[in-house]
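Working notes for the structure below.
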Amino acid sequence: MRSKQREMPAQRRHELFFETAKFKTEIAHIPYKWRKRLIARTLDKMAWSSWHKIYESIAVNFVRDFAKQYVPAGINMTQDDNDIIATAKKAAGQVSQGLCAAQSDQHALLIISALCRDYGIDTPAFEELADVVARAIDHRWWRRQLRKSIGRAFEAGNIRLGYVHYRGEPYASNEAVLGRLAQNRRNALAMAATVLENENGEQFSIADLAEKTTANKSIRRGELMLRINGFETIARETGDQGIFVTWTCPSHFHATRRNGYANPKYSHATPREANQYLCKMTALCRSALARLGIGIYGFRIAEPHHDSCPHWHMLLFVRPTEKYKKHHIHDVAGRAIRIMKRYAWRTERGEPGAFEHRLDVKRIDWSKGSAAGYIAKYVAKNIDGVEQHKTREGYTVATDLNGDVELTPSMRVETWAAKWGIRQFQQWGGAPVTIWRELRRIKKEMVNKAPEPMRRAWDAVQKIDGEKRADWAEYLRAQGGAIVPRKELVITLAKDEKTVIGRYGETIKVTPYGVHCSALIGVVFKSVRHTWMPVNNGGDGAVFDLPRTRVNNCTHQNPESPKTRLNSSTFDVNDQSENNKRTTNGDIRGTNFPISKNDQLKTQPRIKELTNEC
């Protein structure tokens, strides 16, 4: 009697497929952290089918689509930073070897574009071929691009798979925060080991100089609050109405719901794309307010939701200008709020909760205290503030440990902003802070006989510890007010344009060297700027040979080195010895490309002689 054949359950067949060589090949370049959750999601996709020809193709296609979006082409996501550095050198060498066979400028561009595409990065966008080549054969350019590409792709994958949220890794993944901390440590060591000397013989390390600038978090926080208080002072004096606005993105930008579960509406948009959406909507809103004749000034702060999607907090003051068209409407703030809601609800207007959560507005009541108090906590917690963060969803993000490393909420926010290239703090309206900082570099003797606005502005920016505080409000008054157009500023920057030789050739460098006052046409109040030169202390520690000017060691011409042609056999970056790492480059504009008569170039750029280091 024949025994009955028992059929293996479909679930078990699905699981066994994950152990086959076919599936392991597909998942080989997926980071180990992702594999468990990716396989679980793949299993859900396969669940409805029990026939191997169907569920196997479903699994393979799902993993391929995921890898196409979150794993840059030709990149192994499991590599660490040392591997990225090695990959960058390899890619630069491949470009150099490929250019040896180039027959025209179009051919050279095709070679560079193909190699960039293989590594999942964008081709350098420049009009001159020389500028494109100079970057494509520089391993440092490749290193920057690969770090950015791989870092953002890895972070986007963490968000997609649900690792980044308040119950797991809020704001940014643990790997991203640890990488940022390591980068900060490397930068701190490099700055501490580099000593500079000015023309007066004074020596400081770069770390000491950085502590006196807005790179110091306490100075940065203090300057932001000073400017916010100055705006509030102007608003109180002129009777302007104040509002505190929180602007969030539509639901399809959010990867995770408030309850910690995945959002089925998520469109796989990155935090950078969400921030660009907010930039576009607020730009349209500001244009509409300007057309209506409503002046607006204040500050906006970008910070992440628990799932890394950004939202904006804005402390704004509004007033009617000379172009105000609704004179019968005295509630200017109410009109501004109405316009903001129009653009905040513009996308996916009918989705549940849009009217409730998309835009939150509070009017400033001057009788209840300072308007700066509405935004002070957001300034503090996003720079170096409180150890515990309250998210917009009402959850608390506390400091946690990863091994022996402490991961603070403010460090997570800093990592989030740096990883996605999001500007955290931005001033709307008012006079530029660049002029404010330039005025601080001008000596008192320069302004003794200056016009009154110039003296007022100079005095407003000065600070004397224990005696006098800087006054942003007085600076705005001297400049013409809080909503003065840039073309009507009383004090403007005096700029100097110079052609400098940098790592990638000649560029136009614009440097301020003082200020102009509209009352004295053609007169420049020059600021004090030091010329810094590196000091080689001869110690056993790390020594960083910095350029004495903007011209670095990779841009001086070496008269002993012959001009190198594009398809010349001597154009080989990989054959350079260690002793030639500081060999300088020839001029990039002028070397003829040897090509056939049928493929003449309209322009004949010159190619730099580049070593592995240059």
Side-chain angles (χ1 to χ4, degrees), residues 151-152 155 159 164-166 169-174 176-181 183-184 187 210-211 213-232 243-249 253-254 270-272 274-279 282 298-316 360 362 370-400 406-428 433 472:
R152 289 183 178 177
E155 196 68 4
I159 295 171
V164 180
H165 59 88
Y166 76 98
E169 303 165 14
Y171 305 154
S173 66
N174 290 345
V177 181
L178 292 173
R180 180 67 176 175
L181 288 170
Q183 180 186 12
N184 290 346
N187 292 344
E211 282 296 308
T213 68
T214 52
N216 185 326
K217 292 184 177 181
S218 61
I219 294 178
R220 185 185 183 195
R221 182 181 65 249
E223 184 185 88
L224 285 171
M225 291 307 303
L226 175 72
R227 291 154 67 189
I228 292 170
N229 284 320
F231 276 133
E232 180 184 349
I243 53 177
F244 182 74
V245 182
T246 301
W247 198 317
T248 62
C249 295
F253 286 103
H254 295 267
T270 64
R272 184 174 178 83
N275 195 68
Q276 290 171 348
Y277 161 82
L278 291 174
C279 288
T282 53
F299 264 88
R300 73 106 177 123
I301 296 176
E303 69 172 13
H305 287 279
H306 70 105
D307 63 347
S308 198
C309 179
H311 62 281
W312 285 8
H313 297 291
M314 296 178 284
L315 177 63
L316 304 174
D360 181 37
K362 295 183 178 68
S370 170
Y374 284 84
I375 204 170
K377 68 176 181 179
Y378 299 106
V379 172
K381 78 176 187 177
N382 288 305
I383 296 180
D384 60 349
V386 295
E387 294 184 358
Q388 290 187 345
H389 281 211
K390 275 289 186 82
T391 67
R392 177 159 170 73
E393 296 77 20
Y395 305 113
T396 299
V397 178
T399 300
D400 57 352
E406 190 179 59
L407 306 181
T408 63
S410 59
M411 189 64 230
R412 289 186 176 276
V413 174
E414 179 191 332
T415 301
W416 168 82
K419 182 66 67 176
W420 295 109
I422 294 175
R423 185 178 180 181
Q424 288 181 272
F425 307 98
Q426 183 180 12
Q427 176 184 316
W428 283 8
V433 71
W472 179 262

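Keep in mind that this is a model prediction, so the values were computed, not measured. Computed from heavy atoms alone, side chains included, the values below leave out hydrogens, waters and symmetry copies.
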- Query: Do the two ring centres, one from Tyr277 and one from Phe253, sit under 6.0 Å apart?
  - Reply: yes
Could you tell me the separation between the [atom1] atom of [X] and the [atom2] atom of [Y], rounded to the nearest 0.5 Å?
X: Ile219; Y: Glu211; atom1: CD1; atom2: CD; result: 7.0 Å
X: His313; Y: Asp360; atom1: NE2; atom2: CG; result: 9.5 Å
X: Phe425; Y: Glu223; atom1: CZ; atom2: CD; result: 11.5 Å
X: Arg221; Y: Asn216; atom1: CZ; atom2: CG; result: 9.0 Å
X: Trp472; Y: Leu226; atom1: CH2; atom2: CG; result: 8.0 Å
X: Ile383; Y: Ser218; atom1: CD1; atom2: OG; result: 9.5 Å

Name all residues meeting the side chain to side chain donor-acceptor pair (under 3.5 Å) criterion together with [X]; count only those two or more places apart in sequence or in a different chain, and write none if there are none.
X: Asn187; value: none
X: Asn174; value: Arg412
X: Ser370; value: Glu232
X: Trp420; value: none

Nearest non-hydrogen partners of [X] and [Y], listed with the distance:
X: Ala372; Y: Asn229; result: CB-OD1, 3.3 Å
X: Ala302; Y: Ile422; result: CB-CG2, 4.1 Å
X: Ala376; Y: Met225; result: CB-CE, 3.8 Å
X: Ala274; Y: Cys309; result: CB-SG, 4.1 Å

- Message: Go through it in stages, so that I can follow the logic: the residues are Glu414 and Lys217, the test is side chain to side chain contact (heavy atoms under 4.5 Å, CB included), and I'd like the CA-CA distance, side-chain angles, deciding distance and then a yes or no.
- Response: CA-CA 11 Å; Glu414 179 191 332; Lys217 292 184 177 181; 3.0 Å; yes
With sequence neighbours excluded, what pairs up with [X] under the salt bridge (Lys or Arg N to Asp or Glu O under 4.0 Å) test?
X: Glu155; value: none
X: Arg300; value: none
X: Glu169; value: Lys33

- Message: For a side chain to side chain contact (heavy atoms under 4.5 Å, CB included) check, start with the C-alpha distance between Thr415 and Leu181, then their side-chain angles and the critical distance, and finish with the verdict.
- Response: CA-CA 9 Å; Thr415 301; Leu181 288 170; over 6 Å; no
Beyond-backbone contact of [X] with [Y], side-chain heavy atoms, under 4.5 angstrom:
X: Pro271; Y: Ile159; answer: yes
X: Arg180; Y: Lys419; answer: no
X: Leu278; Y: Trp247; answer: yes

- Task: With Phe299 as reference, evaluate Arg227, Met314, Gln426 under the side chain to side chain contact (heavy atoms under 4.5 Å, CB included) test and give the passing residue.
- Result: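 When side chain to side chain contact (heavy atoms under 4.5 Å, CB included) is applied between Phe299 and each of Arg227, Met314, Gln426, only Arg227 qualifies.
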So, the side chain of [X] versus the backbone of [Y]: is there a donor-acceptor pair under 3.5 Å, distance only?
X: His311; Y: Thr248; answer: no
X: Arg272; Y: Gly421; answer: yes
X: Trp416; Y: Ser308; answer: yes

- Partners of Tyr374 by ring pair (Phe, Tyr, Trp, His ring centres under 6.0 Å), sequence neighbours excluded?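 Phe244.
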- Test side chain to side chain contact (heavy atoms under 4.5 Å, CB included) applied to Ile375 and Ile228, step by step: CA-CA 9 Å; Ile375 204 170; Ile228 292 170; 3.7 Å; yes
- Task: Decide yes or no on side chain to side chain contact (heavy atoms under 4.5 Å, CB included) for Arg423 and Asn275, but give the supporting numbers first.
- Result: CA-CA 9 Å; Arg423 185 178 180 181; Asn275 195 68; over 6 Å; no
- Message: Would you say Asn382 and Gln424 are linked by a side-chain donor-acceptor pair, where the criterion is simply a distance under 3.5 Å?
- Response: no
- Quick one: do the Trp312 and Thr246 side chains pair a donor with an acceptor below 3.5 Å?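 Side chains of Trp312 and Thr246: no pair found under 3.5 Å.
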